[in-house]
Peer 1: 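Let me give you the structure first, and then I'll get to my questions.
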Amino acid sequence: MINKKVNNISEALEGVSDNMTFMFGGFGLSGIPENAIANLVKRNIKGLTCISNNAGVDDFGLGLLLHQKQIKKMVSSYVGENDEFERQMLSGELDVELIPQGTLAERCRAAQAGFPAIFTPAGYGTEVAEGKEVREFDGKMYVLEHAFKADYAFIKAWKGDAAGNLIFKGTARNFNPIMCGAAKITVAEVEELVPVGELDPNQIHIPGIFVQRIFEGENYEKRIEQLTVRQKA
Amino acid sequence: MLDKNGIAKRIAKEVKDGYYVNLGIGIPTLVANYVRDDIEVEFQSENGVLGMGPFPFEGEEDADIINAGKQTITTLPGASFFDSATSFGMIRAQHVDLTILGAMEVSENGDIANWKIPGKMVKGMGGAMDLVASAENIIVAMMHTNRAGASKLLKKCSLPLTGVGCVKRIVTNMAVIEVTPKGFKLLERAPGVSVEDIKKATEGELIIEGDIPEMKL
């Protein structure tokens, strides 16, 4: 067994520095790497390019990095729930690249799987395709999109072991599995780090080969963005 | 004239047995409430779930189980979770049978604009561009006119596009319309709405052939 376990959060984030490109798993606030984000806030490194489907809310998730003006550029598909984000974008302090969600996912997976680029129909004929190579396959038009290049991927899983094997829960899975191995270094935080051998190899979602560092996170808030319930009859 | 629930009710009739369906935010979400209960349908949410159920009871919500609108949801027996690439794979490769989404504008050649108002609303397209570029069967659910009373069915979209030539069918508070190579073809009118009313509220080319029946809800 190749050991990926690190002893603490500062070891997990060793090597991060100004002007790097990071990937963050999560959809909305679900499945975000809360511990890694908190540590990046503490380190207060600047000039970051962040690849993440969303940009958090004003006081949580990537919103915490935005608040300290640590982010230079965001690459996202939807950034609707964040006033500070909107302010920085409209004032020109923050560079924003908005791309379709499926394109974001596939640019991650391409990086993970060793493809330099992929063709997708999403965005053809829109401003998203401006300046990009397009090509026809079987009578339909596609846009060439390149694999992401990132220094670190920060992802969050439900369970993991020291070998780096991961299991995700519910829709907190989202972008997390496809960012594993899509950056030079993948840092996985898990709610529960179980002894090696306890996870059934048949049930593992991401094999440890895609993960360089793993640790058990703490104090998960798991904030709900849109609590929606029905009343019992 | 229909309200939002009326639009959802009419669209629900387009949902057939055995369909996998993706519902957008807003009016499309309401469609789930009106699908016949003697057919089997599975709802997909692009953040990574098939087999979505109703909202949870108070106290039973789970932060790890949400829909694409970030609302807490439940799952039904037979449900599954998957990553975002798999999710858009099932959309792109047309395994999802029907996509229902809202729009700010639709043009007579089937272009759709629903993600950006320059200088005003720049929240991002989310999964909308993937959905419209890939789905074979797209129904747009929207009001026929905007809040200022201007038509949303245009000759040409004025807002930045989400997709080109992709909309096949539109259900509004006034009408059911098919997008054809010649323009908007009027299929049905809402209760209490005349063909003349629809004509007035439609900026794009409206094709009227024969008697236009009233919608059955």
Side-chain angles (χ1 to χ4, degrees), chain A residues 27-31 53-55 76-81 86 89-90 96 98-106 108-109 112 120-128 140-143 158 168-178 205-206 220-232, chain B residues 45-49 52 54-75 79 81-92 111-113 115-116 118-119 121-135 160-166:
Chain A
F27 179 91
L29 299 177
S30 189
N53 189 58
N54 311 89
S76 303
S77 88
Y78 190 82
V79 292
E81 271 69 280
E86 203 168 343
M89 177 168 69
L90 294 173
V96 180
L98 291 170
I99 59 173
Q101 199 176 327
T103 301
L104 182 74
E106 218 53 46
C108 292
R109 184 158 71 174
Q112 177 192 57
T120 175
Y124 174 76
T126 76
E127 63 183 51
V128 163
K140 189 172 168 129
M141 297 306 292
Y142 294 78
V143 184
W158 180 34
F168 301 89
K169 180 175 163 246
T171 53
R173 189 184 309 195
N174 56 64
F175 287 84
N176 284 299
I178 51 176
H205 294 139
I206 283 290
Y220 282 105
E221 181 179 335
K222 292 190 160 193
R223 195 186 290 188
I224 293 173
E225 237 174 301
Q226 305 284 344
L227 177 65
T228 313
V229 294
R230 67 192 150 126
Q231 301 301 321
K232 281 195 172 125
Chain B
S45 198
E46 63 269 25
N47 59 316
V49 53
M52 250 194 302
F55 296 125
F57 288 119
E58 207 170 340
E60 292 175 9
E61 66 274 5
D62 183 342
D64 293 328
I65 304 181
I66 61 169
N67 64 15
K70 285 126 190 164
Q71 296 171 305
T72 43
I73 54 158
T74 60
T75 53
F81 298 115
F82 34 84
D83 67 68
S84 302
T86 304
S87 182
F88 282 93
M90 53 184 85
I91 290 164
R92 199 178 301 111
D111 293 352
I112 177 171
W115 76 281
K116 183 178 183 181
M121 188 197 87
V122 262
K123 292 172 188 293
M125 67 292 282
M129 284 193 182
D130 304 274
L131 282 158
V132 301
S134 305
L161 296 180
T162 309
V164 293
C166 48

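All values below were derived from every heavy atom in this structure, side-chain atoms included, with hydrogens, water molecules and symmetry-related copies excluded. To find a chain, count down the sequence lines: A is the first, B the second, and so on, and within it residues start at 1.
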Peer 1: Heavy-atom pairs under 4.5 Å with chain A: which of B:G124, B:S84, B:A133 has the most?
Peer 2: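 Heavy-atom pair counts peak at B:S84.
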
Peer 1: Below 4.5 Å from any heavy atom of chain B, which atoms of A:V96 appear? Answer side chain, backbone, both or neither.
Peer 2: neither

Peer 1: Please state whether the side chain, the backbone, both or neither of B:F88 comes within less than 4.5 Å of a heavy atom of chain A.
Peer 2: side chain

Peer 1: Could I get the full list of salt bridge (charged side-chain N to carboxylate O under 4.0 Å, His left out) partners for B:R92, not counting sequence neighbours?
Peer 2: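 B:R92 satisfies salt bridge (charged side-chain N to carboxylate O under 4.0 Å, His left out) with A:E106 once adjacent residues are dropped.
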
Peer 1: Heavy-atom pairs under 4.5 Å with chain B: which of A:I99, A:N174, A:V79 has the most?
Peer 2: A:N174

Peer 1: Measuring heavy-atom distances to chain B, does A:N54 have an atom under 4.5 Å in its side chain, in its backbone, in both, or in neither?
Peer 2: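 Contact with chain B involves the side chain of A:N54 alone.
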
Peer 1: Taking the side chain as every heavy atom from C-beta outward, state whether B:V49 and B:T75 have any atom pair closer than 4.5 Å.
Peer 2: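 Result yes, sub-4.5 Å side-chain heavy-atom pair found.
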
Peer 1: Which one, A:P121, A:G170, A:A105, leads in non-hydrogen pairs under 4.5 Å with chain B?
Peer 2: A:G170

Peer 1: Between B:G48, B:G165, B:G127, who has the most heavy-atom pairs with chain A when the cutoff is under 4.5 Å?
Peer 2: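 So the answer, after comparing B:G48, B:G165, B:G127, is B:G127.
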
Peer 1: Once salt bridge (charged side-chain N to carboxylate O under 4.0 Å, His left out) is applied, do any residues pair with A:K169, and if so which ones, sequence neighbours excluded?
Peer 2: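 B:D62, B:D64.
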
Peer 1: If I measure from the heavy atoms of chain A, does B:E60 come under 4.5 Å with its side chain, its backbone, both, or neither?
Peer 2: side chain

Peer 1: Examine whether an atom of B:D111 lies under 4.5 Å from a heavy atom of chain A, and if so say whether it belongs to the side chain, the backbone or both; otherwise answer neither.
Peer 2: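 Neither; nothing under 4.5 Å.
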
